[in-house]
Every structure is written in C-alpha cells, then in structure tokens.
Amino acid sequence: MKPPPFSYAAPTTLAEAVGLLTEHAEAEPRVLAGGQSLIPLLNFRLAKPGYLIDLRNVAGLSGIRHEGDVLVIGAMTRMSELERSAQVAVAAPLLAEAVGFVAHTPVRNSGTIGGSLAHADPAAELPAVALASGADLVAAGPAGSRRIPAAEFLRGPFSTALAPDEILTAIRAAAAEQVLAGAAAEAATAAEAARAGVEGLAPAGDLHASGQTRLDLARTYLRRGIELAMSRARNER
Ligand SMILES: Cc1cc2nc3c(=O)[nH]c(=O)nc-3n(C[C@H](O)[C@H](O)[C@H](O)COP(=O)(O)OP(=O)(O)OC[C@H]3O[C@@H](n4cnc5c(N)ncnc54)[C@H](O)[C@@H]3O)c2cc1C
C-alpha cells in the first residue's frame, strides 16, 4: 500500500524541527528518523500524520561520546554505529550485545536508537536495555530540554512520556562499572531470583501464546540471563 498524502520538511537545526512540530500541530506531525517503523505504519495506514519532519539533516543529533563517566548517544545514531562502537562495547556492554539481535543489517543501518525508544515496541531490544541499564533520555521541546529516566519515559506498549512537540535528542547511560561498583554478590540462586523477578507480572495471552506460557518464558530467560551474568562475573564465559 501507499502512504496517505503528507507534507514534508527536512530542517537542519533542532530549533527549526521543534518549531515545525509546534507550527503544524493541527496536522498531527511526526518526526522521521530511520523510517524502519514509521514508514511501514504509513504504508499500512496505521498512522496518518499530515506532516513529516525528517531529522536526518538536523545537526548534532548523532554520535557517541563520553561526558565524564556518562556515555552520551545522539538519538539519530544508527544501530549499526552502536554495534561497531568500541566506546559502547566498553561502557555499555549490554547495549552492544543486544543491538546485534535487532532485525538484520539493512534495518540496523537505517534504524536509530532514538527511533527505537520513541516507538516503544514492548518486544524491542533497545527499550529493554534502556530500562535495565537505568538510562536517562533527553527530550527537547519549545520550553527547552528535559531529562527523563527510562522507567518514566517508557509508559507502556507504544506509549512514551514524549509530548507531541518534543524530540528525543540523546540517551545517557551510566557506565556499567559505575552501576556495578560496590554491589554485593547475591547468595540467592538464579532460579529464586528469576522467580521473584516475574512476581506480579500477568502477561496477556493471544493466538501465539497463553499468558502462562509467556510467564514461564520470562522466568526461564531471566534465570538464564542471571546465570550468564554470574558466570561472566566468575570469568567462566
Ligand atoms: C524487517 C524489520 C525487522 C525489525 N526487527 C526488529 C527487531 O528484531 N527488534 C527491534 O527492536 N526492532 C525491530 N525493528 C524495528 C527497527 O528497530 C526500527 O528501526 C525502530 O523501531 C525505529 O527506529 P527508526 O529510526 O527507524 O525510527 P522511525 O521508524 O523513523 O520512527 C519510529 C517512531 O519514533 C518516532 N521518532 C523517531 N525518532 C524520534 C526522535 N528523535 N524523537 C521523537 N520521536 C522520534 C517517529 O515519529 C515514529 O513514531 C524491525 C524493523 C523492520 C522493518
């Protein structure tokens, strides 16, 4: 299918992009990053924005750098850049490991970290990593910039704390060693920790799997993840 008609702009500054979001609010504008989720939504007419604001030419939205102990990743940084980055591998190994599981190379060459987080698909890798690593997200709007912890940013399936006139500009992640520093070794077994970890979850069932199957899967994968982390901490794997 073809997308519904829309107007298009390719601003070069963040201020211009935010200004366009405000100016064309009645057209329910959307920003376009890598297009890997938004374009299919348009083609299937599941989204019908009257205005698309392409972020590709906006200066300063991509790149990976350190600010002190904090790793700062521009929202327009492509997933393939995360995959190849030595800085990400050292400071955010969970992100480096998870990003390789996203789709396949052409999708990762176009898809951005900001697009994945703003899309907030509950099955996606990068929102889960942002939650697990306690990342902060930076959003810019007409009133300026604000930092939003991942746990507040991700409100639910396909729902975020972004206002319609805000653009995600960067993701901050504390370096892994900082998170782990001083943490006591847990005596509890991985199985017990996994059981406690899924307590209170009540996943919905559908055609593909019952809620109970999903709960069992969550517990099993959590246990395996904890076992892997423990063995890595012991330098076994
Ligand atoms: C074949 C295929 C397989 C895939 N498999 C996986 C997978 O296994 N795992 C996975 O996690 N994902 C998967 N995806 C989704 C992919 O990761 C997308 O790239 C990602 O979800 C969106 O990133 P994007 O840069 O393409 O964003 P876009 O598609 O351009 O935008 C997505 C949404 O985010 C908004 N947005 C984008 N950037 C910003 C910003 N800076 N500020 C505010 N809002 C913004 C857009 O308005 C839109 O609503 C797959 C996609 C395809 C096509």
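Small disclaimer: the values here were computed from a predicted structure and weren't measured. Note that ligands are numbered from 1 as they come in the structure, with each ligand's atoms numbered from 1 the same way.
- Looking at Met79 next to ligand 1, no N or O pair under 3.5 Å apart turns up.
- A heavy-atom separation below 4.0 Å is not found between Leu126 and ligand 1.
- If you check which protein heavy atom lies closest to atom 9 (N) of ligand 1, you get Glu125 OE1, 2.7 Å.
- Looking at Val31 against ligand 1, both its backbone and its side chain come within 4.0 Å, counting heavy atoms.
- For ligand 1, the polar-atom distance check against Ile39 finds no nitrogen or oxygen pair separated by under 3.5 Å.
- In terms of modelled atom types and a separation under 3.5 Å, the side chain of Thr12 and the main chain of Asn57 share no donor-acceptor contact.
- Considering every non-hydrogen atom in both Pro49 and Arg30, the closest pair reads CB-CG, 3.6 Å.
- For the pair Gly34 and ligand 1, the shortest N or O to N or O distance falls below 3.5 Å.
- Against a heavy-atom cut-off of under 4.0 Å, Gln36 is close to the following atoms of ligand 1: 18 (C), 19 (O), 26 (O), 29 (O), 51 (C), 53 (C).
- Taking the six-membered ring where tryptophan is involved, the planes of Tyr51 and His24 are essentially parallel, since the angle between them stays under 30° and well short of 60°.
- The protein heavy atom nearest to atom 49 (O) of ligand 1 is Arg30 NH2, 3.0 Å.
- Here Lys48 contributes atom NZ and Leu42 contributes atom CG; the two are 11.0 Å apart, rounded to the nearest 0.5 Å.
- The shortest N or O to N or O distance between Gly111 and ligand 1 is not below 3.5 Å.
- The closest protein non-hydrogen atom to atom 28 (P) of ligand 1 is Gly35 N, 3.4 Å.
- The option from Ala17, Gly115, Gly114 that lies nearest to atom 27 (O) of ligand 1, judged by heavy atoms, is Gly115.
- The protein heavy-atom contact nearest to atom 4 (C) of ligand 1 is Ala103 CB, 3.3 Å.
- Looking at every heavy atom in both residues, Pro29 comes nearest to Ile53 through CB-CD1, 4.1 Å.
- The nearest protein atom to atom 38 (N) of ligand 1, hydrogens excluded, is given as Ala33 CB, 3.4 Å; this is a heavy-atom distance.
- Counting all heavy atoms, side chain and backbone alike, Pro93 lies closest to Ala91 at CD-C, 3.5 Å.
- Closest of all the heavy-atom pairs between Val58 and Pro11 is CG2-O, 3.5 Å.
- Summary of contacts: the protein heavy atom closest to atom 13 (C) of ligand 1 is Val102 CG1, 3.9 Å.
- Other residues, nucleotides and ligands contribute over 12 non-hydrogen atoms within 6.0 Å of the CZ atom of Arg219.
- Contact between Glu152 and Ala161 at its shortest, heavy atoms only, is O-CB, 3.6 Å.
- Remark: the backbone N or O of Ile113 is not paired with any side-chain donor or acceptor of Ser116 at under 3.5 angstrom.
- Distances from ligand 1 to the non-hydrogen atoms of Arg108 include no value under 4.0 Å.
- Phe44 CZ: 12 or fewer foreign heavy atoms inside a 6.0 Å radius.
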Report task. Run the numbers on Asn109 and Ser80 for side-chain hydrogen bond (donor to acceptor under 3.5 Å, both in side chains), then give the verdict. Result -> CA-CA 5 Å; Asn109 279 342; Ser80 52; 3.2 Å; yes
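- Proximity of a side-chain donor or acceptor of Arg78 to a complementary backbone N or O of Ser110 within less than 3.5 Å is detected.
- Shortest non-hydrogen contact noted between Arg108 and Val99 is CD-O, 3.2 Å.
- Nearest protein neighbour of atom 14 (N) of ligand 1, counting heavy atoms only, is Val107 CG1, 4.4 Å.
- Residue-to-ligand polar distances place Ser37 within reach of ligand 1: an N/O pair is separated by less than 3.5 Å.
- Some N or O of Thr112 is nearer than 3.5 Å to an N or O of ligand 1, by distance alone.
- Counting atoms of ligand 1 from 1 in the listed order, those under 4.0 Å from a heavy atom of Leu55 are 40 (C), 41 (N).
- With a heavy-atom cut-off of 4.0 Å, Met76 does not touch ligand 1 at all.
- Close N/O approach between Leu38 and ligand 1 is found [any backbone or side-chain N/O within under 3.5 Å].
- With a 4.0 Å heavy-atom cut-off, ligand 1 is reached by the side chain of Leu162 but not by its N, CA, C or O.
- By the 3.5 Å distance cut-off applied to N or O atoms, Leu168 is counted among the residues near ligand 1.
- Distance from atom 35 (C) of ligand 1 to its nearest protein heavy atom, with residue and atom name: Ala118 CB, 3.7 Å.
- The shortest N or O to N or O distance between Glu166 and ligand 1 is not under 3.5 Å.
- Heavy-atom neighbours of Arg155 CZ from other residues, nucleotides or ligands within 6.0 Å: at or below the threshold of 12.
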